[in-house]
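Starting from 1, each residue takes its place in the sequence as its number.
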Amino acid sequence: MIHLKLGARMLKTGLAVAISLYAAALLGFPSPVFAGIAAVFAIQPSIYRSYQTIIEQIQANIIGAVMAIIAVFALGNDPFVIGFVIILVIGICMKLKMNESTISLALVAVIAIMETTDLALIEFALMRVTALTLGILSAFLVNLIFLPPKYETKLFHEINQTTSNVLQWLRVTTRQLSDEPALKGEIQHIQNNMTHIDQTYLFYAEERTYLKKRHYSKARKLILFRELIATTKKAFEVLKAFQQLDDEIEQIPDRFQNTLIQELDKVIHSHEKILLSSMGRIKKQHKETLQEVLDPNIPKLAESLINLYEDDADNRLLFLSLAAHLMEYHNHLIHLRKLLKSYQQFHQDEQLQMNK
């Protein structure tokens, strides 16, 4: 049995096509299908991008229509002429740095207008352009009104899930308990999630705020989210370093292994505490415990890793990369703690939105 998960964009695309087809039919367009085609190309993942796209696509629609009309009057509508006009329109749109979906819509306009018809060319072209514009407007209204994306909620949920996953694997890996094939697969999965998080962050950054109070809050959230992502990426780098040095770490003295595990547990606990605090799940009178992020002595641990094989020239710098990743992770945690504390001071009644 195939399980299909319907996303918001899929639902909005179907709704936009249905609305555009109904509207085109009610207005008496001879080919409502062109309105539906335009609606498919016009659906965007965010309201801001939808606003940007509507202007660009209407421009592309007009460019395609004008070029088609000129070509029909000058050269006719032979298939080779249509192909020549298609090439010209692609060149013009690329020169104007339009995206692929916008160029595709311009090409639809060219083909729609240059097809054989008994109607007067100008009247026919106007009907086609109007139908395409109707589809673009339908998609914009659906983007604006139905299921508006909540990228703040989505972003924090993705960061929280991915960070928790990284920290769980880090705990297991530092104790040499992780299954190697499973860990390799999970590392690739986490890498894909990181890429998706970066994309969601861009969508969230593009969302516009219109109240001054909301503007300052959004600006601080963007900084905080950026550091949350950066810190998770550093934790991920530490995980990959442990995975690559698994055999070597297993050979170091038990006493040092225990110290390594204890210090990493402190760092992981601090990272988890920061996430909980950002969700508002730590009582206000206990938020000062975020200072404990400084408790792990990572600089000393990193130095010990580098000096572990002090008398062995071949292995002297074996753990240098791991030590470097640990130091970067530690520094990002300290910086994240400061940013979160600052955000909570200025926005005491506002937590990051994480409930879908």
Determine whether Trp169 and Ile187 make a side-chain contact, defined as any pair of heavy atoms from C-beta on separated by less than 4.5 Å.
no

Rounded to the nearest 0.5 angstrom, the CG-CG distance for Leu339 and Leu228 is 9.0 Å

Relative to the ring of Phe203, is the ring of Tyr151 parallel (under 30°), tilted (30 to 60°) or perpendicular (over 60°)?
tilted

Looking at every heavy atom in both Thr102 and Ala60, which two are closest together, and how far apart are they?
CG2-CB, 3.4 Å

Mind listing the side-chain donor-acceptor pairs of residues 237-244 below 3.5 Å, one per line with the distance, residues two or more places apart or on another chain?
from: Glu237; atom 1: OE2; to: Lys240; atom 2: NZ; distance (Å): 3.3
from: Gln243; atom 1: NE2; to: Glu180; atom 2: OE2; distance (Å): 2.7

Check the hydrophobic clustering (I, L, V, M, F, W, Y; side-chain heavy atoms under 4.5 Å; chains of links allowed) and say if Leu141 and Phe29 are grouped together.
no

Main-chain N/O of Leu222 paired to Tyr201 side chain as donor or acceptor, under 3.5 Å:
yes

Kindly list each side-chain donor-acceptor pair under 3.5 angstrom involving residues 104-113, sequence neighbours excluded, with atom names and distances?
from: Ser104; atom 1: OG; to: Glu100; atom 2: O; distance (Å): 2.9

Is it the case that the side chain of Ser164 and the backbone of Gln161 share a donor-acceptor pair, with hydrogens and angles ignored and the cut-off at 3.5 Å?
no

May I have the step-by-step check of side-chain contact (heavy atoms from CB on, under 4.5 Å) for Ser270 and Arg337, ending in yes or no?
CA-CA 9 Å; Ser270 297; Arg337 176 187 59 82; over 6 Å; no

Evaluate the side-chain contact (heavy atoms from CB on, under 4.5 Å) criterion for residues His269 and Asp265: first the C-alpha distance (whole Å), next the side-chain angles of each, then the deciding distance (0.1 Å), finally the verdict.
CA-CA 6 Å; His269 180 67; Asp265 279 350; over 6 Å; no

Are Gln188 and Asn192 linked by a side-chain donor-acceptor pair shorter than 3.5 Å?
yes

Test log, rule side-chain contact (heavy atoms from CB on, under 4.5 Å), inputs Ile69 and Phe73:
CA-CA 6 Å; Ile69 292 171; Phe73 276 125; 3.6 Å; yes

Side-chain donor-acceptor pair present, Glu158, Asn193, cut-off under 3.5 Å:
no

Between Leu326 and Leu264, is any pair of side-chain heavy atoms under 4.5 Å apart?
yes

When you measure from the centre of the six-membered ring of Tyr204, is the NZ or CZ of Lys221 closer than 6.0 Å and no more than 45° off the axis?
no

For residues 326-336, pull every pair meeting salt bridge (charged side-chain N to carboxylate O under 4.0 Å, His left out), keeping only residues two or more places apart or in separate chains.
Lys234-Glu328

Nearest 0.5 angstrom please: Leu15 CG to Lys12 NZ, how far?
10.0 Å

Less than 4.5 Å apart, side chain to side chain, heavy atoms only: is that true for Met98 and Gln59?
yes

Does Thr231 use its side chain to pair, donor to acceptor, with the backbone of Glu227 at less than 3.5 Å?
yes

Are Ile82 and Val72 in one and the same hydrophobic cluster, where Ile, Leu, Val, Met, Phe, Trp and Tyr link if side-chain heavy atoms are under 4.5 Å apart?
yes

Salt bridge check: are Arg226 and Asp198 linked by an N-O gap of less than 4.0 Å?
no

Ile92 side chain near Met67 side chain, heavy-atom distance below 4.5 Å
yes

Cluster check Met194, Leu336: I/L/V/M/F/W/Y, side chain < 4.5 angstrom:
yes

Please examine the side chains of Phe84 and Leu88, heavy atoms only from C-beta on, and report whether any two atoms are closer than 4.5 Å.
yes

Any chance you could measure Phe34, atom CZ, to Arg128, atom CZ, to the nearest 0.5 Å?
4.5 Å

Could you walk me through whether Tyr343 and Ser278 satisfy the side-chain contact (heavy atoms from CB on, under 4.5 Å) test, starting with their C-alpha distance in whole Å, then the side-chain angles of each, then the deciding distance to 0.1 Å, before giving a yes or no?
CA-CA 9 Å; Tyr343 178 82; Ser278 65; over 6 Å; no

Pairwise distance CD(Glu56) to NZ(Lys97) - rounded to 0.5 angstrom
12.0 Å

Look at the side-chain heavy atoms of Ile, Leu, Val, Met, Phe, Trp and Tyr, link any pair under 4.5 Å apart, and say whether Ile197 and Ile223 land in one connected group.
yes

Checking side-chain polar atoms at under 3.5 Å, does Thr162 have a donor or acceptor matched by the opposite partner on Asn165?
no

Non-hydrogen side-chain atoms of Met114 and Val81 separated by less than 4.5 Å:
yes

What's the spacing between Leu170 CG and Tyr329 OH if we round to 0.5 Å?
6.5 Å

Nearest 0.5 Å, what's the OG1-CD1 distance between Thr232 and Ile159?
6.5 Å

Do any N or O atoms from the side chain of Asn61 and from the backbone of Gln57 form a donor-acceptor pair under 3.5 angstrom?
no

